[in-house]
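These notes are about the structure you will find just below.
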Amino acid sequence: MKLDRFIRVAIAVVIALVFIVAAGALLFITESALNVWDRLRAGPPAILYAYIAVMVLLALAAVWLVWRLVVKKKVASAKTAKPLSKSDIKERLQQAEAAGVDVSDAQSELQDLAARQAAGAVHLCFFGEISAGKSSLIKALVPEADVVIDVVGGSTDDIRHFRWRNDTGTEILLTDVPGTGGHEDGLDEIATEEAKRSHVVLFVCDSDLTRAELGAIKLLLAFDKPIVLVLNKSDRYSADEQAALMQKLLQRIEDLGGEIQRDQVVAVSAGGDREVIERRSDGSEGTVRRKRAADIGVLVVAINRLLGDDTKSLDAQRERAVFQIAAEKLELAEGEYRLQRSEQIIRSATRRAVVGAMAAVSPGTDILVQGYIGTMMTQELCKIYGAAPRDLDVEEFLSMGQSRVGRALPLSMAVAGNGLKAFPGLGTVVGGLAHAVAYGLIFDALGRSLVLTLARHGELVPETAAKEFEEGISEHLEAGVRRIAKMALDEKTG
Ligand SMILES: Nc1nc2c(ncn2[C@@H]2O[C@H](COP(=O)(O)OP(=O)(O)OP(=O)(O)O)[C@@H](O)[C@H]2O)c(=O)[nH]1
Ligand SMILES: [Mg+2]
């Protein structure tokens, strides 16, 4: 009880003291301010104005400093939810090109679109897993088409267009693409990209949809692609089986959110080959391949219905999809550019760290915080990734990194010493160089871990970046040692 009373009295005394000091400070400031004000007013007006100007400048400088240190800068976000317009994509291309990004892939996508728009045909792409019968369906629509059809999957390995005119006389190009899910690398991407470039995708399957097929449909729907789901090889099913299968397909489409209309799901038969036993004129028997009659009427009806008399909205949809492809290609190129630029920045920071360590008589371990190489490297890397961290964040990241460096230095020294042994005939030089290589390695590891977090999060979160640095350091040290040992040796030998 006594103690409690004592604490309360102590608090009351402290409050009273704080109040007295504050009141005294206020009186003092007011008095000196009024004093200064009176003297200024008594003097020449020029001095008064100059004084006010200096005060305003000081206040502005203080606000600016607080802003820079504490307030997070806004990062301009390139991604917007609404579809890209022609001017959006052109602007982004121009900006990227001006920054030095290789925009040729994205640009050629737009040129190809312009050529297709000028030619005016409607593009229908037959898309699906290998051997579903895409080429056979094209052959059934355009008998003179020289498509490759084979029982062995993967028979189509590039993109081909075939001219076809439907009943309404619309100029149509049927596109045959490689089947997805084959063994050859890269063909799935080629096929998918071409499907996205088309006006309508004829998604060919020959049984219930697999998980991969459902994934592909979802992806195309996300590109706002009109789809006709074509169940081919229906001749392989009895009437009951076919009805059950169609029911299943419709259910799957429904599960996707009903973005494909029921009348856009059709069962057909491209025909295909069948083997029949025939009696020859000499009385012997042998198997021969015969073409099965095609039954694709419902597919033609579905296409006609989808195209209607006006293909303008399909044109607009296709244009948006291609802009999106171009934007994705641009993002890829930007990613590539960022990697190259960050590699250069890390290399140059590492080289400076190595040179600095070689020049110092006994280099300190607080190199990250004291030297501005770390600050410069962090700021430049953030800039490349569009992150605009507060100066405080940069400081915090470096000091967090610094606390890890102490622990990592012995390891770095050991790795550096080992790395230098790989260069024979160095003798005593190694001792002096190991320090420099160790510092270089630390900068290299710091830069690389920072790039990893920036690529993942798009901004500098000090704790996350420092954690990445700590966790990845031994891996980065091992990976960089030969390169940096060589760099140090080159510097040493001039
Ligand atoms: N029973 C039957 N077989 C068919 C039908 N359509 C195609 N086929 C057979 O299916 C196999 C594959 O046909 P393709 O037209 O080459 O299939 P694809 O989808 O173009 O194959 P890839 O180009 O390899 O992806 C061939 O042996 C065809 O004869 C059909 O309607 N019924
Ligand atoms: Mg084919």
Side-chain angles (χ1 to χ4, degrees), residues 123-164 172-198 200-210 212-217 219-220 227-246 249 265-278 287-303:
H123 285 250
L124 304 185
C125 181
F126 284 83
F127 181 85
E129 299 214 324
I130 49 166
S131 277
K134 303 173 290 295
S135 304
S136 303
L137 283 166
I138 291 181
K139 185 86 184 162
L141 286 164
V142 186
E144 64 278 13
D146 60 338
V147 288
V148 186
I149 294 170
D150 206 316
V151 246
V152 181
S155 48
T156 306
D157 59 7
D158 62 354
I159 296 166
R160 303 272 310 272
H161 301 287
F162 301 94
R163 210 161 279 286
W164 180 59
I172 291 169
L173 283 178
L174 305 178
T175 311
D176 195 13
V177 300
T180 55
H183 296 302
E184 217 172 306
D185 271 354
L187 287 186
D188 283 20
E189 287 72 31
I190 291 177
T192 310
E193 214 160 67
E194 181 59 27
K196 289 176 185 168
R197 286 188 197 107
S198 66
V200 174
V201 171
L202 307 168
F203 196 102
V204 186
C205 60
D206 60 5
S207 59
D208 190 11
L209 293 173
T210 62
E213 285 173 318
L214 274 169
I217 293 179
L219 185 98
L220 292 166
I227 294 177
V228 176
L229 182 58
V230 186
L231 171 67
N232 187 32
K233 306 189 186 177
S234 60
D235 54 274
R236 297 197 311 195
Y237 302 105
S238 70
D240 286 350
E241 284 169 343
Q242 188 183 315
L245 195 48
M246 282 296 274
L249 291 176
V265 183
V266 295
V268 298
S269 171
D273 293 338
R274 64 192 166 119
E275 291 185 346
V276 286
I277 298 173
E278 265 189 4
T287 50
V288 286
R289 297 182 80 78
R290 286 268 175 269
K291 286 253 165 291
R292 199 181 282 107
D295 176 9
I296 52 166
V298 279
L299 174 61
V300 176
V301 172
I303 293 173

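Both ligands and their constituent atoms are indexed starting at 1 by order of listing.
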For Ile296 against Ser269, the heavy-atom pair lying closest together: CG2-O, 3.7 Å
Side chain proximity check, Phe127 to Thr175, heavy atoms < 4.5 angstrom: no
Protein contact to atom 23 (O) of ligand 1 [nearest heavy atom, distance to 0.1 Å]: Thr156 OG1, 2.8 Å
Atom 21 (O) of ligand 1 [closest protein heavy-atom partner, distance rounded to 0.1 Å]: Ser131 N, 3.0 Å
N or O pair under 3.5 Å between Gly154 and ligand 1: yes
Protein heavy atom at shortest distance from atom 12 (C) of ligand 1: Asp150 O, 3.3 Å
N or O pair under 3.5 Å between Ala132 and ligand 1: yes
Option of least heavy-atom distance to atom 9 (C) of ligand 1 (set: Lys233, Arg292, Lys139): Lys233
Short N or O distance, Ala270 and ligand 1, threshold 3.5 Å exclusive: yes
Minimum heavy-atom distance between Ala195 and Val201, given as atom pair plus value: O-CG2, 3.5 Å
N or O contact, Ile149 vs ligand 1, cut-off under 3.5 Å: no
Numbering as shown, the atoms of ligand 1 that approach Asp235 to under 4.0 Å (heavy-atom distance): 1 (N), 2 (C), 30 (C), 31 (O), 32 (N)
Distance-only N or O hit between ligand 1 and Val177, under 3.5 Å: no
N or O contact, Val152 vs ligand 1, cut-off under 3.5 Å: no
NZ/NE/NH1/NH2 to OD/OE distance under 4.0 Å, Glu194 and Arg197: yes
Closest protein heavy atom to atom 6 (N) of ligand 1, given as residue, atom name and distance to 0.1 Å: Asn232 ND2, 3.2 Å
Atom 15 (O) of ligand 1: nearest protein contact (heavy atom, Å): Ser136 OG, 2.5 Å
Contact check, side chains of Trp164 and Ile303, non-hydrogen atoms, under 4.5 Å: yes
Check: Leu245 and Asp208 side chains under 4.5 Å, non-hydrogen atoms: yes
